[in-house]
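Worksheet for the structure shown next.
Note that the structure is a prediction, hence the values are computed from the model and not measured.
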Amino acid sequence: MQFHPNYPTDNNKGQRELWRQIKGALSQDEGVVYYRYPIFATTGRGRKEPDFLIVHRRYGIWVLESKGCLIGNIGAIEGHDWIMRDWYSESMSPVSQVEAQFYEVKTLVERDPVLRKLRICFEYRVVLPFVTKAEWTGSGFAHHPSTEEVVWLQEDIDRANLRKHLKEVTERYMPGLSDAEWERLLGVFRGVITDEEPREPVPHSPPASPSRIIHAVESRLRVLDEKQDRIAQEVPEGPQRIRGLAGTGKTILFARRVAQMHASNPDWNIAFVYWSRSLNQMMKELVENTYRRMTGDAPDWGRLRVWHVWGSRDQTGFYREVAHHWNCRFLPLNQAKDTTEGNESPFEAAMRLLEKECHDSPPFLDAILVDEGQDLPAPFYQVAYQTLRNPKRLYWAYDEAQGIDSLIVPHAAEIFGRDNQGNPKVDLAGFYPSGMQKAHNMNRCYRTPRLILTAAHAINMGLLREGGPLQGVTRKSDWADLGYEVVEGDFSTASVKAGRPVVIERKADTSGHPVDSHNFDIPFDSGQVLRIHISPTKDEEIEYVVNNIQHDLESGLHPEDVAVICLDPWFSLISEISDRLLQLGIQTLVLDNQNKDKFHEKGRVTLSGVRRAKGNETYKVYALNLHRAGASIVDSVEKEMVARNQVFVALTRSKLWCIAVGQDGEIMRELVQAKEQLGRLKFPAFNQASLKRSMEDQDIQVQIEL
């Protein structure tokens with residue numbers, strides 16, 4: 001049984017007691033229990049939020065409303081109204097309340113015609129954890145028409161009795177659910193990735209045509225998985241970090257969380273902040289669509305802000321808004337460049353000066369969610385933390401392999417500092433009192449097929465690099481966090497000294513892409529998702545890419561399904577490819593300074609550098625200029641690591657196919673080796689001392705899953 005505490009239980013002793021008993025009674029069962037699952041009715045009945053929602057494979061669906069009153073607090077029961085004494089209100093109607101929640105849950109499930117036909121059992125109860133049966137009977141409430149058989153008392157919820165009640169009431173009537181039916185039921189309560197219907201394949205196209213493969217992929221990736229669902233619905237009572245690979249769903253789950261927070265707390269001031277300008281259109285649409293799906297209404301954009309980190313004249317952002325709110329100096333880009341120190345970026349300099357000038361300014365936000373956190377410097381986090389009211393709901397997501405301008409990773413102790421005893425001021429180890437984790441690691445990749453992802457990691461770390469890796473991890477737990485299993489060898493001093501091989505393999509349960517599934521609907525050669533082309537000249541490279549894009553469109557791909565992503569220097573090469581495509585009548589979208597706020601446009605092939613491609617995705621990617629990440633091209637080890645990160649970003653924009661293109665050199669040779677290993681990677685053992693940069697988790701050494 002999975003237990004999802006979506007919100008802290010505050011000081012409600014009754015809810016805490018019931019939560020404890022439910023966990024004790026059902027921990028070994030199959031299902032999920034939600035605390036305060038939000039249902040936003042679109043029929044005018046408003047928001048319903050059951051205290052506890054149990055979705056049990058054998059015992060059906062139960063809605064429980066907990067009231068922590070004592071018997072002396074209940075003066076009388078008149079119909080559905082309970083007259084209260086020494087209580088937070090003079091009266092309450094818990095049975096009516098739980099009935100309303102029950103019908104919303106039932107309606108939610110039975111919108112699905114398949115589930116409606118199954119006749120799943122639904123039940124509800126009011127729970128009084130601190131009232132005994134003797135007290136209830138002695139007060140004359142036991143046989144009241146409105147409470148009979150719908151109120152559970154203290155004895156009813158101890159572990160043995162709670163389980164017994166669930167079983168006795170529903171087991172005879174609950175249908176046996178197949179795996180597919182059970183997954184369908186769980187999907188009702190998990191977040192929907194998209195409500196768009198899968199793209200129809202081109203009529204009469206071959207069985208393994210691109211359009212049929214896309215249809216099969218879109219038919220499967222429709223709801224969040226259990227872990228994504230849990231994280232998406234959490235609202236922790238303090239800072240939380242999400243560390244995840246490219247394509248693990250960080251942006252989608254944050255969009256769901258921010259929409260849910262806004263719907264549940266319309267008076268909160270919430271900011272959803274991101275780094276890449278090309279994500280602007282997608283981010284706002286994603287939040288709005290998620291919110292509309294929940295509530296049927298548009299968000300209040302005066303309370304819910306979707307901000308680029310910087311902001312400009314035509315599009316405001318976090319830095320601009322904070323400076324304005326605090327009445328502090330705002331530096332445009334050109335002025336910020338003149339204030340940099342050392343290796344600072346202009347944005348880092350601007351945030352450093354803002355934090356210094358306004359460090360005593362009052363908070364004005366209730367929550368900040370940060371996507372692409374690996375690109376943001378420490379002063380940004382310090383300013384963000386200061387803008388927040390208690391309990392400092394700062395939630396950030398990052399993937400250090402995607403840091404394409406900097407190798408700085410937002411480790412909490414380095415950002416927020418330590419107290420006099422040397423303890424981090426923001427501690428991400430362990431759990432909050434609510435049971436929510438302070439940090440999550442996400443390693444199940446849905447966007448990019450396994451072969452492309454393993455090749456991208458090989459280049460990113462330099463696992464097959466002559467001279468050894470530049471960055472990486474050496475603990476088995478950290479490899480597991482990245483979705484790999486060490487199947488041979490180790491990273492001991494003896495192994496490193498002897499040059500013994502290590503073999504890692506991407507596990508099936510962390511490869512969530514449909515084409516990697518053993519039961520994918522279409523006969524598919526997974527080796528074809530990654531092709532490697534070594535170009536002898538620039539002209540040949542252009543001709544190769546243009547001819548292949550023309551073939552892609554003739555075989556059923558839409559222009560917006562295709563993106564050309566080029567490592568620096570990118571503009572000249574992209575411009576020439578654009579000119580050639582236009583000569584063939586193929587329209588393009590070049591992500592230059594005139595087109596920087598979107599990545600896709602219907603009917604156009606996207607052409608971009610790596611920076612503006614980051615955070616985006618498309619079905620087929622042409623990754624160009626990859627040879628320029630090699631040590632023979634760059635002039636420092638740090639620049640090589642940044643360039644290898646850029647290769648990782650370019651490759652992992654792919655949702656299905658990737659064509660890796662570059663001139664002969666170490667990067668292209670490493671890619672060929674990685675592809676030949678088909679999802680396994682074999683390389684000489686190394687240790688942290690030999691690396692230029694560690695990717696091991698410095699915020700948490702041990703993380704226990706719920």
[atom1]-[atom2] distance between [X] and [Y], expressed to the nearest 0.5 angstrom:
| X | Y | atom1 | atom2 | result |
| --- | --- | --- | --- | --- |
| Ile452 | Arg531 | CD1 | CZ | 11.5 Å |
| Arg277 | Arg611 | CZ | CZ | 15.5 Å |
| Ile459 | Gln646 | CD1 | CD | 13.5 Å |
| Met1 | Arg57 | CE | CZ | 12.0 Å |
| Leu626 | Glu670 | CG | CD | 11.5 Å |
| Leu108 | Leu53 | CG | CG | 9.0 Å |

For [Y], is there an ion pair with [X] - N to carboxylate O distance below 4.0 angstrom?
| X | Y | result |
| --- | --- | --- |
| Glu601 | Arg604 | yes |
| Arg447 | Glu617 | yes |
| Asp561 | Arg199 | yes |

Can you confirm whether [X] sits close enough to [Y] that some side-chain heavy atom of one is under 4.5 Å from a side-chain heavy atom of the other?
| X | Y | result |
| --- | --- | --- |
| Ile120 | Met174 | yes |
| Glu488 | Val502 | no |
| Leu185 | Ile61 | yes |
| Asp371 | Trp396 | no |
| Gln233 | Gln260 | yes |
| Leu651 | Leu671 | yes |
| Pro559 | Leu553 | yes |
| Leu376 | Tyr398 | no |

Q.
Do Lys438 and Phe431 form a cation-pi contact, if we require the NZ or CZ to be under 6.0 Å from the six-membered ring centre and within 45 degrees of the ring's axis?
A.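 Not flagged: Lys438 not positioned over aromatic ring of Phe431.
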Q) Is it true that the NZ or CZ of Arg257 lies under 6.0 Å from the centre of Tyr395's six-membered ring and within 45 degrees of the ring axis? A) yes
Determine, using ring centers only, whether [Y] and [X] are less than 6.0 Å apart.
| X | Y | value |
| --- | --- | --- |
| His4 | Tyr35 | no |
| Tyr34 | Phe52 | no |
| His513 | Tyr446 | no |

Q: Given side-chain hydrogen bond (donor to acceptor under 3.5 Å, both in side chains), test Gln2 with Asp229 step by step and report yes or no.
A: CA-CA 11 Å; Gln2 301 292 332; Asp229 172 42; over 6 Å; no
Where is the tightest heavy-atom contact between [X] and [Y], given as atom of each residue plus distance?
| X | Y | value |
| --- | --- | --- |
| Leu428 | Pro239 | CD2-O, 4.2 Å |
| Phe599 | Arg612 | CD1-O, 3.9 Å |
| Arg506 | Asn443 | NH2-O, 2.7 Å |
| Leu567 | Ala643 | CD2-O, 4.1 Å |
| Phe272 | Thr251 | CZ-O, 4.3 Å |
| Ala246 | Arg653 | CB-NH2, 3.7 Å |

Q. Going through the checks in order, is the side chain to side chain contact (heavy atoms under 4.5 Å, CB included) test met by Val610 and Ile565?
A. CA-CA 6 Å; Val610 174; Ile565 301 173; 4.0 Å; yes
Q) Checking side chain to side chain contact (heavy atoms under 4.5 Å, CB included) for the pair Trp657/Leu530: CA distance, chi angles, key distance, verdict? A) CA-CA 6 Å; Trp657 301 278; Leu530 176 62; over 6 Å; no
Q.
Please determine whether salt bridge (Lys or Arg N to Asp or Glu O under 4.0 Å) holds for the pair Asp521 and Arg220, giving the CA-CA distance in whole Å, both sets of side-chain angles, and the decisive distance to 0.1 Å.
A. CA-CA 10 Å; Asp521 302 332; Arg220 293 211 180 185; 3.1 Å; yes
If we check side chain to side chain contact (heavy atoms under 4.5 Å, CB included) with [X], which of these qualifies: [options]?
| X | options | value |
| --- | --- | --- |
| Leu589 | His600, Glu560, Lys598 | Lys598 |
| Val473 | Asp481, Asp478, Leu691 | Asp478 |
| Arg444 | Asp509, Leu245, Thr248 | Asp509 |

Q) Where do Arg111 and Arg116 land on the side chain to side chain contact (heavy atoms under 4.5 Å, CB included) test, with the steps shown first? A) CA-CA 7 Å; Arg111 286 176 190 165; Arg116 185 167 60 247; 5.8 Å; no
Q) Can Lys507 and Glu485 be said to form a salt bridge (Lys or Arg N to Asp or Glu O under 4.0 Å), step by step? A) CA-CA 7 Å; Lys507 299 183 294 183; Glu485 181 180 7; 5.8 Å; no
**Q.** Stepwise salt bridge (Lys or Arg N to Asp or Glu O under 4.0 Å) check, Arg292 with Glu288
**A.** CA-CA 6 Å; Arg292 284 188 180 276; Glu288 181 169 7; 3.2 Å; yes
Q.
Using salt bridge (Lys or Arg N to Asp or Glu O under 4.0 Å), reason through Asp112 and Arg184 one step at a time and then give a plain yes or no.
A. CA-CA 9 Å; Asp112 185 315; Arg184 195 178 187 104; 2.8 Å; yes
(Q) How about NZ on Lys682, more than 12 heavy atoms from neighbouring residues, nucleotides or ligands closer than 6.0 Å, or not? (A)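 Not more than 12 within 6.0 Å, no.
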Q | His457: which of Phe648, Phe683, Trp479 passes ring pair (Phe, Tyr, Trp, His ring centres under 6.0 Å) | A |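 Result for ring pair (Phe, Tyr, Trp, His ring centres under 6.0 Å) with His457: Phe648.
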Q | Residue pair Asp29, His56: steps toward the side-chain hydrogen bond (donor to acceptor under 3.5 Å, both in side chains) verdict | A | CA-CA 8 Å; Asp29 291 26; His56 198 291; 2.6 Å; yes
Q: List the steps, then state whether side chain to side chain contact (heavy atoms under 4.5 Å, CB included) holds for Leu224 with Arg256.
A: CA-CA 10 Å; Leu224 299 179; Arg256 177 173 170 81; 3.8 Å; yes
